[in-house]
*Asks:* 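Dropping a structure here in structure tokens format, bear with me for questions.
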Amino acid sequence: MDPEDAGLSSGYQNIESTLHHEYILAETAEQIDALIKTLQSVPSFCFDSETTGLDIINSEIVGLSFSTEATKGWYVPVPSERNKAIDLLNKFKPVFEDANIGKTGQNMKFDMQMLANYGIQVKGKLFDTMLAHYLLEPDMRHNMDLLSETYLKYKPVSIETLIGKKGKGQLDMRQVPIDQVKEYAAEDADITLQLRSVFEPRLDNTSTRKLFDEIEMPLVPVLASIEQEGVRLDSKALAEFSIQLGVEINEIRPRYGNGRKQFQYPVTPAIGEVLFDRLKISENAKNRRKQYSTAEDVLAKLAHKHPIVQTVLDYRSLTKLKSTYVDSLPSLVNTKTGRVHTSYNQAVAATGRLSSNNPNLQNIPIRTERGREIRKAFVPRNEEYTLLSADYSQIELRIIASMSKDEAMIEAFRKGMDIHTATAANIYGISPEEVSRDQRRNAKSVNFGIIYGISAFGLSENLGIPRKEAAEIIEQYFLKFPGIKIYMDSTIKLAREKEYVETLCGRRRYIRDINSGNGVMRKFAERNAINAPIQGSATDMIKIAMISIFDEFNRKNLKSKMIMQVHNELIFDVHKTEVEIVQPIVHSLMTSALSMEVPIEVEMSTGVNWLEAH
């Protein structure tokens, strides 16, 4: 995509057309002192770190690069000996910790964590080019090389050029000749600084500057702290659970025929052959490639046809649980800290939601009893602490009620009613006391389905009811909650005009397919248009709460720490002497993060593990 096509100013520095650049190696005491004086004299500078790896706990800094103006940069090699490295980095500590000097970087969270390992806290107004671009083009990728090629028309030197591709032959950055490292590292700082000059004006032009300055950038040190704190894992409990799961898996391993022959599991064709060729449980099981589909959603709809289908589903669930979580989580425990340190991705999900990896906390199961057992393994750091879970209650429904200003839904929340029971009572024209379990289930499915633009077909599939009945439920829903229908229609109309939608905080999700001639693509875009402002506003809300809580904990100099964020839930490692202090802080700042038409509720409890606290 050309920068001008993206609505960017054309006044950027095209470094491909620059005949020269000045990248300086600063390694003598005089050169380093001169560089520090330069950094102290400017309102803002760009920096980057070169490291021995990407593990924030075990990696070491190899060097630092700086840039204060386009096409100019410095590289400072850092000694491998720890004490000498600390001595050198301490010279830069005053400039990094000067709150009056702004700092620019690409994926600054990593560089801030690396410096924190040496006792340096990066302060001042921050500008992360990765996060700026994430707000401007949330559906694109945001790595620096791509951004440089797209917006500066320049292809930087790749890291593989220096150290080779991943594998046994890959070099350590310290093994690369210093002149090559200097050119590579200083170029990174230089390009990042130039990217800022491209993105900064556009943040203003798209009205996303406030979101950038007040939510995304202040969140960076919060996430850096959470990642460095980590969470303690009870590996012994997981090892025992693994043995137990192994026994259960063997007991329920799918078998068929008179001889009770086992499936050639997990070979999908073997399952398909037994289920569809031999047992004939479905006549329309083949996909477009003329292969049997044994996907979970397909088999779930066929579970009532034969007991073995549910057995296959249970077997899959337990084997995935064992391999993906129970057996792999202990391997992620850091040997230095004894804790698991997940990595939060701030610039992946287009809706604004955080994702995480190593481990992926967002996917740790909660719906099944066996899945919930995994949460028992997440425990406080020691006996002086307890875990506190604080979870927004039905936050997305409260947001759609507030955004749509639907009177009936707002009234139900204000009265503190069970929203699904209240919805069922409205749909079926009965009193809340008369609502049956099935009616509440239907209402719950509609409430959450509406957020994702559910159709009569989708609802009928979810509930296992005729499509006509599902259509009638949706029709009654919109009759009883007309504000929701008006909100959905107006949101789609606005999205067609602007080709984007916004959250309450101005986060944009571009919906460029909403005017597509392809009906499938258009319908998908319409569902995104309805969902993105709701899910995105919930995300903005918890991010604001995280920033406020983090700042308040620091202001009060508490021992307690925020250690995890999972969807709409925050988890804290709380010193037992601070429980009475922490709970009201967390509750107050979570419920007041965004102003709403309905009361915001937070479910909060403590426990000896995550499951008990949740």
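Just so it is clear, the model here is predicted, and its values are computed rather than measured. The residues of the chain are indexed from 1 along the displayed sequence.
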*Asks:* Taking N334 for its side chain and K336 for its backbone only, find out whether a donor-acceptor pair lies under 3.5 Å.
*Replies:*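 Checking the backbone N and O of K336 against the side chain of N334, a donor-acceptor pair under 3.5 Å is found.
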*Asks:* For S343 and N358: C-alpha separation, side-chain torsions, deciding distance, then whether side-chain hydrogen bond (donor to acceptor under 3.5 Å, both in side chains) applies.
*Replies:* CA-CA 6 Å; S343 178; N358 296 323; over 6 Å; no
*Asks:* Indicate yes or no for a side-chain donor-acceptor contact from T52 to the backbone of E60 under 3.5 Å, with no hydrogens or angles considered.
*Replies:*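 Yes, the answer is positive, given that a donor and an acceptor are paired below the 3.5 Å cut-off.
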*Asks:* Measure the spacing between OG of S65 and CD of E50 and express it to the nearest 0.5 Å.
*Replies:*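 Rounded to the nearest 0.5 Å, the OG-CD separation comes out at 6.0 Å.
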*Asks:* Could you check F96, F127, F92, F110 and say which one makes a ring-ring contact (aromatic ring centres under 6.0 Å, His included) with F47?
*Replies:*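 Single ring-ring contact (aromatic ring centres under 6.0 Å, His included) partner of F47 among F96, F127, F92, F110: F96.
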*Asks:* Looking just at side-chain N and O atoms, do D128 and N107 make a donor-acceptor pair shorter than 3.5 Å?
*Replies:*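 No - no donor-acceptor pair under 3.5 Å links their side chains.
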*Asks:* Indicate yes or no: at least one non-hydrogen side-chain atom of I374 is less than 4.5 angstrom from one of V326.
*Replies:*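 Side chain of I374 against side chain of V326, heavy atoms only: contact under 4.5 Å found.
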*Asks:* Are R509 and D139 ion-paired here, with the side-chain N under 4.0 Å from a carboxylate O?
*Replies:*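 Salt bridge: yes.
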*Asks:* When you compare the side chain of Y118 with that of N90, does any pair of heavy atoms fall below 4.5 Å?
*Replies:*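 Heavy-atom side-chain distance check fails, nothing below 4.5 Å.
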*Asks:* Between N515 and E499, does any side-chain donor sit less than 3.5 Å from a side-chain acceptor?
*Replies:*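 Short answer, yes.
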*Asks:* Could you tell me which non-hydrogen atom of I563 sits nearest to which non-hydrogen atom of Y344, and how far apart they are?
*Replies:*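 Between these two residues, the closest heavy atoms are O-OH, 4.4 Å.
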*Asks:* Check whether any side-chain heavy atom of T491 sits under 4.5 Å from a side-chain heavy atom of V501, and report yes or no.
*Replies:*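 In short, these two side chains touch, coming nearer than 4.5 Å.
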*Asks:* So do S537 and M403 actually touch side chain to side chain, heavy atoms under 4.5 Å?
*Replies:*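 Yes, their side chains come closer than 4.5 Å.
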*Asks:* Can you find a heavy atom in the side chain of M144 that is under 4.5 Å from one in the side chain of L195?
*Replies:*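 The answer is yes, as the side chains (C-beta and beyond) meet within the 4.5 Å cut-off.
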*Asks:* Distance alone, cut at 3.5 Å: any donor-acceptor contact between the side chains of R196 and T104?
*Replies:*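 Yes - a donor-acceptor pair under 3.5 Å links their side chains.
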*Asks:* Yes or no on side chain to side chain contact (heavy atoms under 4.5 Å, CB included) for F378 and L361, after CA distance, side-chain angles and deciding distance?
*Replies:* CA-CA 11 Å; F378 289 80; L361 296 176; 4.0 Å; yes
*Asks:* Which atom names give the shortest non-hydrogen contact between V78 and L64, and what distance separates them?
*Replies:*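 Of all heavy-atom pairs spanning V78 and L64, the closest is CG2-N, 4.4 Å.
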*Asks:* Between I32 and L88, is a side chain to side chain contact (heavy atoms under 4.5 Å, CB included) present by the stated rule, with each step listed?
*Replies:* CA-CA 9 Å; I32 290 168; L88 173 62; 3.5 Å; yes
*Asks:* Here's a test for you: under side chain to side chain contact (heavy atoms under 4.5 Å, CB included), which of I549, L558, I585 qualifies with F572?
*Replies:*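 The single option meeting the side chain to side chain contact (heavy atoms under 4.5 Å, CB included) with F572 is I549.
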*Asks:* Are E149 and K155 ion-paired here, with the side-chain N under 4.0 Å from a carboxylate O?
*Replies:*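 Salt bridge: no.
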*Asks:* I would like to know whether L219 and M546 meet side chain to side chain contact (heavy atoms under 4.5 Å, CB included); could you show each step before the answer?
*Replies:* CA-CA 8 Å; L219 188 65; M546 291 170 72; 4.2 Å; yes
*Asks:* If only side-chain N and O atoms count, and only distance matters, is there a donor-acceptor pair under 3.5 Å linking T51 with S49?
*Replies:*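 No.
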*Asks:* Would the distance check show the side chain of S225 and the main-chain N or O of P221 forming a donor-acceptor pair, the cut-off being under 3.5 Å?
*Replies:*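 Here the side-chain-to-backbone pair does not exist.
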*Asks:* Which word best sums up how the rings of H133 and Y151 line up, parallel for under 30°, tilted for 30 to 60°, or perpendicular for over 60°?
*Replies:*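 It falls in the perpendicular class, over 60°.
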*Asks:* Kindly give the heavy-atom pair with the smallest separation between K93 and G119, and that separation in Å.
*Replies:*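 Looks like NZ-O, 3.0 Å.
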*Asks:* Between the main-chain N or O of D204 and the side-chain N or O of T208, is there a donor-acceptor pair closer than 3.5 Å?
*Replies:*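 Here the side-chain-to-backbone pair does not exist.
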*Asks:* Salt bridge (charged side-chain N to carboxylate O under 4.0 Å, His left out), that's the test. Do E526 and R496 meet it? Break it down for me.
*Replies:* CA-CA 9 Å; E526 288 175 0; R496 286 195 180 117; 2.5 Å; yes
*Asks:* Please examine the side chains of E187 and Y154, heavy atoms only from C-beta on, and report whether any two atoms are closer than 4.5 Å.
*Replies:*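 Yes, side chains in contact.
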*Asks:* If we ignore hydrogens and angles and just use 3.5 Å, is the side chain of R232 paired with the main-chain N or O of P380 as donor and acceptor?
*Replies:*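 Here the side-chain-to-backbone pair exists.
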*Asks:* Would you mind checking if K109 and E216 are paired as a salt bridge, meaning a charged N to carboxylate O distance below 4.0 Å?
*Replies:*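 Answer for the salt bridge query: no.
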*Asks:* Between R202 and E137, is there a side-chain N and carboxylate O pair less than 4.0 Å apart?
*Replies:*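 E137 and R202: salt-bridged.
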*Asks:* Can you find a pair of side-chain heavy atoms, one from T68 and one from L39, that are under 4.5 Å apart?
*Replies:*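 Answer yes - side chains close enough.
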*Asks:* What distance do I364 atom CD1 and M564 atom CE have between them, rounded to the nearest 0.5 Å?
*Replies:*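 Rounded to the nearest 0.5 Å, the CD1-CE separation comes out at 7.5 Å.
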*Asks:* In Å, rounded to the nearest 0.5 Å, how long is the span from CG of N360 to CG of N363?
*Replies:*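 The CG atom of N360 sits 4.0 Å away from the CG atom of N363.
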*Asks:* Please check if the number of heavy atoms outside Y500 that lie under 6.0 Å from its OH is greater than 12.
*Replies:*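 Counting neighbours around OH of Y500, more than 12 heavy atoms of other residues, nucleotides or ligands fall under 6.0 Å, so yes.
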*Asks:* Ignoring hydrogens and geometry, is there a side-chain-to-backbone donor-acceptor pair from N345 to A347 under 3.5 Å?
*Replies:*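 No, N345 side chain to A347 backbone: no donor-acceptor pair under 3.5 Å.
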*Asks:* Determine, for Y385 and R381, whether the Lys NZ or Arg CZ falls below 6.0 Å from the six-membered ring centre while staying within 45 degrees of the axis.
*Replies:*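 Pair R381/Y385 counts as cation-pi.
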*Asks:* Quick check with a 6.0 Å cut-off and a 45 degree axis cone: is R512 positioned over the face of Y510's six-membered ring?
*Replies:*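 Yes, cation above the ring, under 6.0 Å and within 45°.
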*Asks:* Apply side chain to side chain contact (heavy atoms under 4.5 Å, CB included) to R507 and L135, showing your working.
*Replies:* CA-CA 7 Å; R507 182 185 303 277; L135 293 184; 3.5 Å; yes
*Asks:* What is the minimum heavy-atom distance between K103 and D98, and which atoms define it?
*Replies:*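 So the minimum-distance heavy-atom pair works out to NZ-O, 2.8 Å.
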*Asks:* What's the shortest heavy-atom distance between V586 and L388, and which atoms?
*Replies:*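 Shortest heavy-atom separation between V586 and L388 comes out as CG2-CD2, 4.4 Å.
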*Asks:* Would E227 and R339 count as a salt bridge (charged side-chain N to carboxylate O under 4.0 Å, His left out) if you check the C-alpha gap in whole Å, the side-chain angles of each, and the deciding distance to 0.1 Å?
*Replies:* CA-CA 10 Å; E227 290 180 14; R339 300 179 200 161; over 6 Å; no
*Asks:* In Å and rounded to the nearest 0.5 Å, what is the CG to CD distance from D190 to Q194?
*Replies:*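 Here the interatomic distance stands at 4.5 Å.
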*Asks:* Where the side chain of Y392 meets the backbone of M590, is there a donor-acceptor pair that is under 3.5 Å apart?
*Replies:*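 Yes.
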*Asks:* Looking at D213 and R209, does any basic side-chain N land under 4.0 Å from a carboxylate oxygen?
*Replies:*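 Yes.
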*Asks:* Which heavy atom of K72 sits nearest to which heavy atom of S67, and what is that distance?
*Replies:*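 Shortest heavy-atom contact: O-OG, 2.6 Å.
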*Asks:* Does any non-hydrogen side-chain atom of I544 lie less than 4.5 Å from one of C505?
*Replies:*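 Side chain of C505 against side chain of I544, heavy atoms only: contact under 4.5 Å found.
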*Asks:* Roughly how far, to the nearest 0.5 Å, is the CD1 atom of I226 from the CG atom of D573?
*Replies:*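 Output value for this atom pair is 12.0 Å.
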*Asks:* Give a yes or no answer on whether the side chain of Q106 reaches the backbone of L131 with a donor-acceptor pair at less than 3.5 Å.
*Replies:*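 Absent.
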*Asks:* Just to verify, which of Y23, W74, F45 counts as forming a ring-ring contact (aromatic ring centres under 6.0 Å, His included) with F66?
*Replies:*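 When ring-ring contact (aromatic ring centres under 6.0 Å, His included) is applied between F66 and each of Y23, W74, F45, only F45 qualifies.
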*Asks:* Find the distance between CD1 (I492) and CD1 (I530) and round it off to the nearest 0.5 Å.
*Replies:*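 Atom-to-atom, I492:CD1 and I530:CD1 are 4.0 Å apart.
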*Asks:* Under 3.5 Å, is there a donor-acceptor pair between the side chain of K123 and the main chain of N100?
*Replies:*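 Flag not set: sc K123 to bb N100 has no pair under 3.5 Å.
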*Asks:* Should the pair E569-R375 be classified as a salt bridge under the 4.0 Å nitrogen-to-oxygen rule?
*Replies:*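 So E569 pairs with R375 through a salt bridge.
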*Asks:* Looking at T38, is its backbone amide N or carbonyl O close enough to the side chain of S41 to form a donor-acceptor pair, meaning the two atoms are under 3.5 Å apart?
*Replies:*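 Checking the backbone N and O of T38 against the side chain of S41, a donor-acceptor pair under 3.5 Å is found.
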